[in-house]
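Notes for the one structure printed next.
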Amino acid sequence: MLAKHGFISALGRLTSHSPSSSSSSVLRRQEFLVRTLCGSRIHRPKLIRAMSSTSEADAENVLRIVTPSLDPKRHKGQAGKIAVIGGCREYTGAPYFAAISALKIGADLSHVFCTKDAATVIKSYSPELIVHPVLEESYSISQFSEEEKRKVQDKVLGEVDKWMERFDCLVIGPGLGRDQFLLECVSKIMVLAKKVNVPFVVDGDGLFLVTNSIELVKSYPLAVLTPNVNEYKRLVQKVLNCEVDEQNSEDQLRSLAKQIGGVTILKKGKSDLISNGETVRSVGIYGSPRRCGGQGDILSGSVAVFLSWAQQLKSSPESSLENPAILGCIAASGLLRKAASLAFTKHKRSTLTSDIIECLGERYGFLSY
Ligand SMILES: NC(=O)C1=CN([C@@H]2O[C@H](COP(=O)(O)OP(=O)(O)OC[C@H]3O[C@@H](n4cnc5c(N)ncnc54)[C@H](O)[C@@H]3O)[C@@H](O)[C@H]2O)[C@@H](O)CC1
Ligand SMILES: Nc1ncnc2c1ncn2[C@@H]1O[C@H](COP(=O)(O)OP(=O)(O)OP(=O)(O)O)[C@@H](O)[C@H]1O
Ligand SMILES: [Mg+2]
């Protein structure tokens, strides 16, 4: 055990000091990753069998592998450009939490595409975020003819489209609201993202949209859904046509992900469960007993960053073991839980989402170099 830890930390140091762009570094990271996820020196077929059953992921080591080194040769943007699609009249906290978490973890740029009403509020929370006041809700166009509404929709899509290819990952849904006109625009934004293979994490009201139009994500391997208990229940009812079965939650999650064509689903709960329809992994690190709103938003922003970092590790099409979406989910869940635990030791029952965000860097400090 200790010997394995020694080996792991030695290899961790090795990878974190070498330029992440070099192929030997990437190969070392992958070799390390395979060992970390599945135990040391296991042959490939055995490895694949090990991945196909539910097991507790070693989140801390996945975090270490996925995180790129802070290499002075890298330029702004290489550590990740994330965009959150969300923020409306009612909700300005959720998109802020998701977007600022992405920056706190180490992304270089974090954008928010929201409604005009939400934009000034979100900008005032933080000068770090790039905020685009481009989305429209029905109330602002209620006097418009159908033709004029179509023009507004085209304009919204044009505003997002000109940025789309620059993003490494989108987070669709935190604080989006459920306005029909706005959700129609967001459906089209998802189609644009799929066209250029930009991964996306769907959360909050994005899941409301997707549950009612499952074809938006079906068979898109770069889609990650992060449902909470209510959102999961609605997905199961809609897609599997049954109720949530807590006795067989792993099998049910696997079936759900398979039925949606192999998307990755992170089911949030006491233990977070992650599946892409084949393997099921869990992250049960002790977090915090506080269930204040906004923790799921931290998670969705974090998954986006870790997923895009994990994608940089991928070297060959046959390396199916290193599914970046699953790795991204494991890393994000592990980090959030550890940060929540640290925040709770400081603030106890007063712990708020912003306290947990403050702890992301602190908990992550040991990986920062
Ligand atoms: N500070 C903020 O701006 C926050 C905004 N949030 C946003 O709020 C929006 C809604 O997210 P929630 O997590 O609250 O959504 P949920 O669907 O989990 O819950 C919404 C509310 O409706 C209730 N509810 C859910 N399903 C129900 C049902 N079938 N019958 C009756 N009541 C039901 C829930 O108990 C909850 O109070 C999302 O856009 C989310 O991102 C949250 O992320 C929390 C923080
Ligand atoms: N019962 C629980 N015990 C321990 N941790 C939990 C529990 N439920 C959720 N969590 C943790 O909190 C994180 C956020 O999950 P939660 O269910 O609160 O999301 P959410 O409802 O979408 O949050 P938000 O308020 O941001 O919308 C999860 O990743 C999980 O790690
Ligand atoms: Mg949520």
Side-chain angles (χ1 to χ4, degrees), residues 56-57 59-60 62-63 84-88 90-102 104-105 112 122 125 171-178 186 200-211 224-236 244 246 249 253 264-275 281-307 325-345 347-349 351-357 359-360 363:
E56 177 71 18
E60 196 144 329
V62 171
L63 262 168
V84 177
I85 314 286
C88 63
E90 285 87 0
Y91 307 121
T92 53
Y96 165 77
F97 291 143
I100 203 74
S101 300
K104 284 273 184 184
I105 285 169
V112 178
I122 298 171
Y125 296 152
V171 184
I172 300 176
L176 194 57
R178 295 182 184 178
V186 174
F200 51 71
V201 180
V202 187
D203 188 37
D205 296 317
L207 287 166
F208 173 80
L209 168 64
V210 157
T211 303
V224 179
L225 316 185
T226 54
N228 67 13
V229 63
N230 290 321
E231 293 151 353
Y232 187 71
K233 186 173 162 199
R234 291 191 286 259
L235 261 178
V236 167
V244 172
E246 285 301 343
S249 43
L253 176 64
T264 299
I265 303 178
L266 191 171
K267 174 184 185 272
K268 295 177 282 194
K270 191 161 179 288
S271 275
D272 289 341
L273 278 185
I274 302 150
S275 181
R281 314 303 308 275
S282 71
V283 179
I285 295 169
Y286 184 72
S288 147
R290 276 283 281 146
R291 301 268 64 82
C292 54
Q295 296 182 62
D297 306 317
I298 302 180
L299 186 78
S300 58
S302 313
V303 171
V305 179
F306 288 119
L307 184 160
I326 295 227
L327 292 177
C329 289
I330 294 172
S333 172
L335 180 61
L336 168 58
R337 282 165 170 265
K338 281 170 175 289
S341 157
L342 185 59
F344 188 76
T345 58
H347 302 281
K348 301 286 187 285
R349 197 177 286 266
T351 304
L352 299 180
T353 295
S354 18
D355 299 319
I356 300 174
I357 291 172
C359 288
L360 285 172
R363 193 58 199 82

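One-based numbering, in listed order, for ligands and for the atoms of each. Below, each value reflects all heavy atoms present in this structure, side chains not excepted, and no hydrogens, waters or symmetry copies. Worth saying up front: this structure is predicted, and the values here are computed from it rather than measured.
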Inset, instruction - Applying salt bridge (charged side-chain N to carboxylate O under 4.0 Å, His left out), run through Asp272 and Arg281 and close with a yes or a no. - result: CA-CA 8 Å; Asp272 289 341; Arg281 314 303 308 275; over 6 Å; no

Inset, instruction - Grab the two heavy atoms, one from Phe344 and one from Pro289, that are nearest each other, plus how far apart they are. - result: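 Heavy-atom minimum between the residues: CZ-CG, 3.5 Å.
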
Legend entry - Shortest non-hydrogen separation from Ser288 to Ser341 and the atoms involved: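 Scanning both residues completely, I find the closest heavy atoms to be CB-N, 4.4 Å.
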
Nitrogen or oxygen of [X] less than 3.5 angstrom from that of ligand 2:
{"X": "Ser288", "value": "no"}
{"X": "Ser333", "value": "no"}
{"X": "Gly296", "value": "yes"}
{"X": "Arg337", "value": "yes"}
{"X": "Glu231", "value": "no"}

Legend entry - Closest to atom 24 (P) of ligand 2 (judged by heavy-atom distance), picking from Gly294, Gly173, Gly284: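 The nearest heavy atom belongs to Gly294.
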
Legend entry - Option set Gly269, Gly287, Pro174, criterion heavy-atom distance to atom 6 (C) of ligand 2, minimum: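 The nearest heavy atom belongs to Gly269.
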
Inset, instruction - Give the C-alpha distance, both sets of side-chain angles, the deciding distance and a yes or no for side chain to side chain contact (heavy atoms under 4.5 Å, CB included) between Ser300 and Val171. - result: CA-CA 7 Å; Ser300 58; Val171 184; 3.6 Å; yes

Inset, instruction - Look up atom NZ in Lys267 and atom OG1 in Thr226, then write down how far apart they are to the nearest 0.5 Å. - result: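 Rounded to the nearest 0.5 Å, the NZ-OG1 separation comes to 13.5 Å.
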
Legend entry - Polar side-chain atom of Glu56 near backbone of Gly284 as donor-acceptor pair, under 3.5 Å: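 Here the side-chain-to-backbone pair exists.
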
Legend entry - Structural part of Asp272 in contact with ligand 2, heavy atom criterion under 4.0 angstrom: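 For Asp272, only side-chain atoms sit under 4.0 Å from ligand 2.
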
Legend entry - Proximity to ligand 2 by part of Leu336, non-hydrogen separation under 4.0 Å: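 The part of Leu336 near ligand 2 is the side chain, not the backbone.
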
Which of the numbered atoms in ligand 2 are below 4.0 angstrom from a heavy atom of [X]?
{"X": "Asp297", "result": "26 (O)"}
{"X": "Gly293", "result": "25 (O)"}
{"X": "Gln295", "result": "14 (C), 26 (O)"}

Legend entry - Any Gly204 heavy atom less than 4.0 Å to ligand 2: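 It does not, in that no heavy atom of Gly204 comes within the 4.0 Å cut-off of ligand 2.
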
